[in-house]
Asks: 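Okay, handing you the structure first.
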Amino acid sequence: MAAEGGGKEMNEIKTQFTTREGVYKLLTHSEYSRPNRVPFNSQGSNPVKVSFVNVNDQSGNGDRICFNVGRELYFYIYKGVRKAADLSKPIDKRIYKGTQPTCHDFNPLTATAESVSLLVGFSAGQVQLIDPIKKETSKLFNEERLIDKSRVTCVRWVPGSESLFLVAHSSGSLYLYNVEHTCGTTPPHYQLLKQGDGYAVHTCKSKSARNPLLRWTVGEGALNEFAFSPDGKFLACASQDGFLRVFGFDAAELHGTMKSYFGGLLCVCWSPDGRYIVAGGEDDLVTVWSFSDCRVIARGHGHKSWVSVVAFDHCTTSVEDSDPPAEFSGSDEEFHEQIHFGGGRDRANSSQSHLSKRNSTDGRPVSVTYRFGSVGQDTQLCLWDLTEDILFPHLPLSRTRTHTNVMSATSPPVPGAATTNTTTAANTATTPTTPPTTTTTTTTTTNPPGTNGNNTVSSSSGNSGAPANSLPAPLPRSNSLPHSSGPAGGSTTPNCHTSSSKGSSIIDSTFIATGVSKFATLSLHDTRKERHEKDHKRNHSMGHISSKSSDKLNQLSSAARTAKADAAKTLGTLLCPRMEEVPLLEPLVCKKIAHERLTVLIFLEDCLVTACQEGFICTWARPGKVGLLSSQNPANSPSGTVV
């Protein structure tokens with residue numbers, strides 16, 4: 001959109017929007033950017049990312065913000081809705097040569113007013129540990145690029161640990177590091193530790209402790225983002241092959257999988273109570289996946305291009321009239337095989353565990369609402385409400401309203417539909433079928449009470465008697481999509497996995513150039529013929545979709561054909577239900593808020609923060625939270641990119 005429409009398009013930038021809780025307002029004087037406020041030429045650069053940390057100082061202004069723009073990295077005091085941003089005084093500024101920062105993460109456990117630990121990943125594969133307050137560079141990991149030469153896509157501290165961190169690369173590999181260990185002067189040698197469907201875990205063979213402690217090989221193609229569950233026990237990975245994979249982290253066990261409607265998955269996040277995961281990507285959809293049922297429970301359609309970030313709003317998410325908090329679903333038996341690393345860590349408990357509260361009389365939550373948001377390359381911000389008529393379709397609906405849509409049979413088109421004749425499901429429970437490669441390890445998944453009427457579902461390779469969770473029954477006409485009758489293709493068993501044992505390693509697969517799952521988005525121009533959505537402006541003006549394109553090694557036509565065939569097999573199954581098989585959410589809010597593609601969405605207590613590829617970080621005050629800034633004259637402040 002940014003390239004179309006000329007001056008009229010400029011006027012469509014929104015500076016406020018309204019939800020049921022009130023009006024969110026853009027604070028133009030709280031905009032952070034490079035000190036000169038000049039829009040950054042984003043061609044060929046990595047996405048702008050933002051990280052926050054609170055240093056708990058006595059002044060009450062302990063928030064700190066870090067963001068990267070091109071080759072530059074900035075560290076400021078973040079004043080939010082309280083005071084205007086002073087860009088002339090960054091606490092720290094770094095300019096890198098030969099490589100660009102791609103992502104970063106603060107360790108909240110070690111942050112003080114005198115010192116913070118900030119991890120920074122780079123486009124050439126290195127990871128740097130710096131202290132922007134002391135202005136020190138503590139350590140550089142993968143300095144010689146002996147561990148991985150590909151771009152760092154995501155870096156995170158392991159929850160509850162002061163020393164362990166996890167790094168994802170566009171090679172599809174995930175590495176566990178310990179800040180106390182060195183990386184060695186020779187390429188690491190690995191030994192297979194565990195292998196399963198679409199993943200393998202290797203340990204580093206070494207006489208002395210060295211990094212990496214573990215290497216995970218996940219899927220095919222880049223691993224675009226990962227996220228830890230609120231309690232730190234599970235890891236959700238969004239990959240370019242279109243799969244969401246959820247692992248028990250310590251035991252390295254695959255808990256469940258989901259497939260995108262088409263194309264790669266670019267982003268993933270957990271609900272504050274760990275019950276739901278939302279993913280977004282190249283299908284322009286946001287997909288809501290139930291952790292306990294291991295199935296898609298809803299999709300949201302509002303974006304006109306790739307979804308780059310999804311995030312839950314913990315302040316607006318609510319469960320009312322409930323009992324004391326309970327641990328979110330999951331079995332301790334899944335973690336009997338613990339891997340102990342150097343430097344133990346304590347479990348991080350979810351600070352929002354109150355969302356797991358249950359009503360003691362009817363076994364279900366009262367007035368459940370999960371709020372989440374998404375931003376995309378179409379420069380739009382969307383807000384979504386996930387309410388109990390979607391979460392608990394078998395139960396009487398409350399007065400809470402969910403925006404859903406009854407879809408016509410022709411929109412959007414179903415890729416690969418011509419080659420698939422799989423029928424759909426409507427509340428049918430069948431005997432679980434188990435793939436022949438699955439071992440006899442038994443896992444028990446405890447569902448949130450009231451979710452499907454069953455409190456627990458046990459599944460193993462030999463257990464054919466336990467009823468499986470089926471696709472939901474049709475919702476009332478106003479709140480759901482039409483459902484067809486008949487059994488689902490293959491199986492209606494929730495796609496929860498136990499470890500599988502295959503004979504061959506999949507290490508080499510990460511280095512093979514395959515355009516897996518790009519059957520609908522092989523290139524920005526070639527596949528317009530294959531898509532039949534007239535209003536679908538996938539490339540928009542975002543000339544820099546090539547941040548991902550820089551990772552394409554060789555897109556082989558044979559791989560593309562394989563991807564099409566694989567996608568056709570999963571469509572219509574619980575891995576990837578058809579569009580008419582699950583409720584379709586409509587956004588509460590869908591506003592164009594920038595000129596360039598959006599790359600950041602973070603919900604804070606009194607505001608939400610967005611950022612675009614031009615390098616402008618915008619603060620949107622929550623209703624009633626404008627505070628001291630309301631008395632200032634915004635006309636005197638630089639307007640940046642958002643007017």
Side-chain angles (χ1 to χ4, degrees), residues 1 13-14 17-20 24 26 47-50 154 224-227 236 238 242 244 258 260-272 276-289 296-317 369-387 390 402-405 412 521 536-538 540 542 545 547-548 579 582-594 596-604 607-613 617-618 620 622:
M1 273 193 172
I13 299 290
K14 305 300 181 185
F17 55 85
T18 304
T19 64
R20 67 173 187 275
Y24 289 75
L26 174 68
V48 173
K49 299 285 187 180
V50 173
C154 187
N224 290 320
E225 189 176 37
F226 64 85
L244 167 72
M258 182 271 286
S260 68
Y261 194 65
F262 60 76
L265 286 179
L266 305 178
C267 50
V268 63
C269 67
W270 291 78
S271 64
Y276 303 100
I277 296 173
V278 172
E282 296 175 358
D283 54 10
D284 305 354
L285 303 170
V286 292
T287 303
V288 185
W289 190 80
V296 175
I297 60 169
R299 289 191 179 105
H301 187 234
H303 288 283
K304 298 188 178 84
S305 190
W306 297 355
V307 179
S308 50
V309 183
V310 287
F312 273 87
D313 182 355
H314 60 278
C315 294
T316 311
T317 297
T369 303
Y370 292 87
R371 165 72 55 80
F372 65 93
S374 58
V375 296
Q377 300 196 357
D378 56 359
T379 72
Q380 292 191 133
L381 164 69
C382 292
L383 295 181
W384 315 80
D385 267 1
L386 188 62
T387 49
I390 298 295
T402 299
H403 289 251
T404 55
N405 185 29
T521 50
H536 196 94
K537 300 180 177 68
R538 180 159 317 269
H540 259 83
M542 317 307 164
I545 293 178
S547 71
K548 219 170 349 316
M579 292 298 290
V582 293
L584 188 68
L585 305 175
E586 287 184 348
L588 296 171
V589 171
C590 189
K591 301 291 184 184
K592 176 181 171 66
I593 61 169
E596 270 292 348
R597 62 195 180 101
L598 293 164
T599 58
V600 170
L601 174 62
I602 299 172
F603 290 95
L604 301 177
C607 61
L608 61 92
V609 176
T610 62
C612 71
Q613 193 53 30
I617 291 89
C618 299
W620 301 75
R622 291 185 186 269

Asks: Could I get the full list of side-chain hydrogen bond (donor to acceptor under 3.5 Å, both in side chains) partners for T18, not counting sequence neighbours?
Replies: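 side-chain hydrogen bond (donor to acceptor under 3.5 Å, both in side chains) list for T18, sorted by chain: empty.
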Asks: Please name all residues satisfying side-chain hydrogen bond (donor to acceptor under 3.5 Å, both in side chains) with S374, sequence neighbours left out, ordered by chain then number.
Replies: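 Counting only residues at least two positions away or on another chain, S374 forms a side-chain hydrogen bond (donor to acceptor under 3.5 Å, both in side chains) with H303, W384.
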Asks: Do K592 and I13 come close enough that some side-chain heavy atom pair is under 4.5 Å?
Replies: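 The answer is yes, as the side chains (C-beta and beyond) meet within the 4.5 Å cut-off.
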Asks: State which residues pass side chain to side chain contact (heavy atoms under 4.5 Å, CB included) with T610; sequence neighbours excluded, sorted by chain then number.
Replies: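 Side chain to side chain contact (heavy atoms under 4.5 Å, CB included) check on T610 returns I593, L601, L608, C618, W620.
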Asks: Can you tell me how far apart OG1 (T379) and CZ (R597) are? Round to the nearest 0.5 Å.
Replies: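 T379 OG1 to R597 CZ: 12.0 Å, rounded to 0.5 Å.
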Asks: CG of D313 to CG of L604: how many Å apart, nearest 0.5 Å?
Replies: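 The distance works out to 9.5 Å.
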Asks: R371 side chain to C315 main-chain N or O, any donor-acceptor pair under 3.5 Å?
Replies: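 No: the side chain of R371 does not pair with the backbone of C315.
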Asks: Can you spot which of V582, L585, V288 makes a side-chain contact (heavy atoms from CB on, under 4.5 Å) with I390?
Replies: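 Single pass found, and it is L585.
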Asks: Does T599 use its side chain to pair, donor to acceptor, with the backbone of V48 at less than 3.5 Å?
Replies: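 Pair found, side chain donor or acceptor close to backbone of V48.
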Asks: Determine the minimum heavy-atom distance between W270 and A236, stating which atoms define it.
Replies: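 The answer is NE1-CB, 3.6 Å.
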Asks: Under the rule for side chain to side chain contact (heavy atoms under 4.5 Å, CB included), what residues qualify as partners of V589, not counting sequence neighbours?
Replies: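 With neighbours one apart ignored, the set is F17, T19, L383, K591.
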Asks: Kindly write out the residues that satisfy salt bridge (Lys or Arg N to Asp or Glu O under 4.0 Å) with R299, not counting sequence neighbours, or none if the list is empty.
Replies: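 R299 satisfies salt bridge (Lys or Arg N to Asp or Glu O under 4.0 Å) with no other residue.
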Asks: Any side-chain heavy-atom pair from I277 and M258 closer than 4.5 angstrom?
Replies: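 A side-chain contact under 4.5 Å is absent here.
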Asks: Looking at NZ of K14 and CG of L381, how far apart are the two atoms once the value is rounded to the nearest 0.5 Å?
Replies: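 Rounded to the nearest 0.5 Å, the NZ-CG separation comes out at 12.5 Å.
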Asks: Measuring from I602:CD1 to C607:SG, what's the distance to the nearest 0.5 Å?
Replies: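 It comes to 9.5 Å.
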Asks: If the condition is side chain to side chain contact (heavy atoms under 4.5 Å, CB included), which residues does C267 pass it with, not counting sequence neighbours?
Replies: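 C267 satisfies side chain to side chain contact (heavy atoms under 4.5 Å, CB included) with E225, V307, V310 once adjacent residues are dropped.
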Asks: To the nearest 0.5 angstrom, please state how far the CZ atom of F312 sits from the OH atom of Y276.
Replies: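 F312 atom CZ to Y276 atom OH measures 9.5 Å (nearest 0.5 Å).
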Asks: When you measure from the side chain of D283 to the backbone N and O of S260, does any donor-acceptor pair fall under 3.5 Å?
Replies: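 No, D283 side chain to S260 backbone: no donor-acceptor pair under 3.5 Å.
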Asks: Taking side-chain contact (heavy atoms from CB on, under 4.5 Å) as the criterion, tell me which of V286, T317, D385 meets it with F372.
Replies: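 Answer after filtering V286, T317, D385: V286.
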Asks: Is there a donor-acceptor contact under 3.5 Å from the side chain of E596 to the main chain of C612?
Replies: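 No; zero donor-acceptor contacts below 3.5 Å.
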Asks: For the atom pair CG (L386) and CD1 (I297), what is the distance rounded to the nearest 0.5 Å?
Replies: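 L386 CG to I297 CD1: 5.0 Å, rounded to 0.5 Å.
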Asks: Which atom names give the shortest non-hydrogen contact between E282 and F262, and what distance separates them?
Replies: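 Result for this residue pair: O-CE1, 3.4 Å.
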